[in-house]
Number of protein chains: 2
Amino acid sequence: MERIEKYRSKGLKLTPQRLAILEYLDGNTSHPTAEDIYRAVKKKHPTISFATVYNTLQALLEMGEVMELTIDPERKHFDPNTTPHHHIVCTRCGKIGDVFVDYSSALELPPEVTEEFTPISNHIDFYGVCKKCNKTKRRTK
Amino acid sequence: MERIEKYRSKGLKLTPQRLAILEYLDGNTSHPTAEDIYRAVKKKHPTISFATVYNTLQALLEMGEVMELTIDPERKHFDPNTTPHHHIVCTRCGKIGDVFVDYSSALELPPEVTEEFTPISNHIDFYGVCKKCNKTKRRTK
DNA sequence: TTGGCTGCAAAATATTTGCAGAACA
DNA sequence: TGTTCTGCAAATATTTTGCAGCCAA
């Protein structure tokens, strides 16, 4: 399997737990949290620990194979799609969607900013309401 | 003092601790964390507790008088400037700068996104290197 | 006077770390 | 076989909460 070679060549030791994490993340667009990953992988590997999940995520982060999203103030989400892109989050249910548009050329920074910072990249958080929540009554909370 | 009236009229009880927090935040562009606020206010009110800082920040958030920034994955930062604006963060030292530009008209979303989400607002995180860090050797870590 | 606030401590939540044993390469 | 990883537990870090007493209004 080529996936195995890909990670092994980067020096990642591939245990069954790690393979299960990689399999869960592969093509996953749900932007899971560490706990989401833990719960999903636990189904096949009931003894897996959070330490292993975080350990593996840390290794994948350093390899540039996953990205950390800070769009949710409560916890980190992880995105296995490392193509530069942006996100949109539902302000009611927290669902996160992808936005594959490169706005860089439209995001010129004014001189008072470029005097102080040399810009490198950018990431946009869009906020909105998802289709499902639009059909539902607003949470009164 | 008008600041007092402003908050009192919104039902906020103004204790000396809260006034000190408000005074520290007023016009502050350093994007402090809860701990930054705690440490600063502690100078004048040595007995202040984190509970009071968080309690007050919570009240100010609900009043829309401060914004929570998620640009730093490690901890929340707070911004007393609630004018819509964006941020740029130094990838070496974490310094956060403000970007007062409205890019909304340039941020059109593609149909596959607007089919699923009704957009409301957006916030851009720019990443770069600040002047000071540019002069310094890169951290080898 | 009194309901909201403070400060203390403890709890809750998220994430990281130490270490002995397990297992991949 | 040796190094890295796992799983458990404990440690950290951040933020929240319970509660008795205090105090702004």
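Convention: sequence-line order gives letters A, B, ...; per-chain numbering from 1.
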Kindly indicate whether the side chain of [X], heavy atoms from C-beta on, has any atom under 4.5 Å from the side chain of [Y].
X: B:Leu12; Y: B:Leu60; value: yes
X: A:Asn81; Y: A:Phe100; value: yes
X: B:Ile21; Y: B:Ile48; value: yes
X: B:Pro84; Y: B:Ser121; value: no

Acceptor/donor pairs from residues 105-119 of chain A side chains to any protein atom, 3.5 angstrom cut, sequence neighbours excluded:
unit_1, atom_1, unit_2, atom_2, d
A:Thr114, OG1, A:Pro111, O, 3.2
A:Glu116, OE2, B:Lys95, NZ, 2.8
A:Thr118, OG1, B:Asn134, ND2, 2.8

Any ion pair linking B:Glu35 and B:Arg75 (charged N to carboxylate O, less than 4.0 Å)?
->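 No, B:Arg75 and B:Glu35 are not salt-bridged.
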To the nearest angstrom, how far is [X] atom [atom1] from [N] atom [atom2]?
X: A:Tyr7; N: C:dA25; atom1: OH; atom2: C1'; value: 19 Å
X: A:Ile37; N: C:dT15; atom1: CD1; atom2: P; value: 10 Å
X: A:Lys13; N: D:dT1; atom1: NZ; atom2: C1'; value: 11 Å
X: B:Leu69; N: D:dT15; atom1: CG; atom2: P; value: 12 Å
X: A:Glu35; N: C:dT15; atom1: CD; atom2: C1'; value: 12 Å
X: B:Arg18; N: D:dA24; atom1: CZ; atom2: P; value: 12 Å
X: A:Tyr38; N: C:dT13; atom1: OH; atom2: P; value: 15 Å

Quick one: bend of the helix from C:dT1-D:dA25 to C:dA25-D:dT1 from 5 pairs per end, to 10°?
->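 Inter-axis angle at the termini of the helix from C:dT1-D:dA25 to C:dA25-D:dT1: 40°.
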On DNA chain D, nearest-nucleotide positions of B:Thr33 versus B:Leu12: which is more 5'?
->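 On the 5' side of the pair lies B:Thr33.
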Sequence neighbours left out, what passes side-chain contact (heavy atoms from CB on, under 4.5 Å) with B:Asn55? Give chain and number order.
->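 For B:Asn55 the side-chain contact (heavy atoms from CB on, under 4.5 Å) partners, ignoring immediate neighbours, are B:Arg18.
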Return yes if a side-chain donor-acceptor contact under 3.5 Å exists between B:His31 and B:Asp98, otherwise no.
->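 Yes, because at least one side-chain N or O of B:His31 sits under 3.5 Å from a partner of the opposite role on B:Asp98.
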Aromatic ring proximity B:Tyr103/B:His86, centre distance under 6.0 Å |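 Centroid separation for B:Tyr103 and B:His86: below 6.0 Å.
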Do the ring centers of A:His123 and A:His87 come within less than 6.0 Å of each other?
->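 Here the rings of A:His87 and A:His123 have centres that are less than 6.0 Å from each other.
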State whether B:Gln17 places a side-chain N or O below 4.0 Å from either non-bridging phosphate oxygen (OP1 or OP2) of D:dC23.
->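 So the side chain of B:Gln17 is outside the cut-off, no N or O lying under 4.0 Å from OP1 or OP2 of D:dC23.
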Is the phosphate of D:dC23, meaning OP1 or OP2, less than 4.0 Å from a side-chain N or O of B:Thr15?
->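 No, because none of the side-chain N or O atoms of B:Thr15 sits under 4.0 Å from OP1 or OP2 of D:dC23.
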Among residues 39-63 of chain B, which residues get a heavy atom nearer than 4.0 Å to DNA chain C?
->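 Nucleic-acid contacts, sorted: B:Thr47, B:Ile48, B:Ser49, B:Ala51, B:Thr52, B:Asn55.
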Using a heavy-atom distance cut-off of less than 4.0 Å, which residues of residues 70-80 of chain A contact DNA chain C?
->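 Within this stretch, A:Glu74, A:Arg75, A:Lys76 sit under 4.0 Å of the strand.
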Starting at the 5' end of DNA chain C, which residue's closest nucleotide do you reach first, A:Leu14 or B:Leu14?
->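 This one resolves to B:Leu14.
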Can you list the residues that meet the ring-ring contact (aromatic ring centres under 6.0 Å, His included) rule with B:Tyr127, with sequence neighbours excluded?
->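 Scan of B:Tyr127 (ring-ring contact (aromatic ring centres under 6.0 Å, His included), adjacent residues dropped) gives none.
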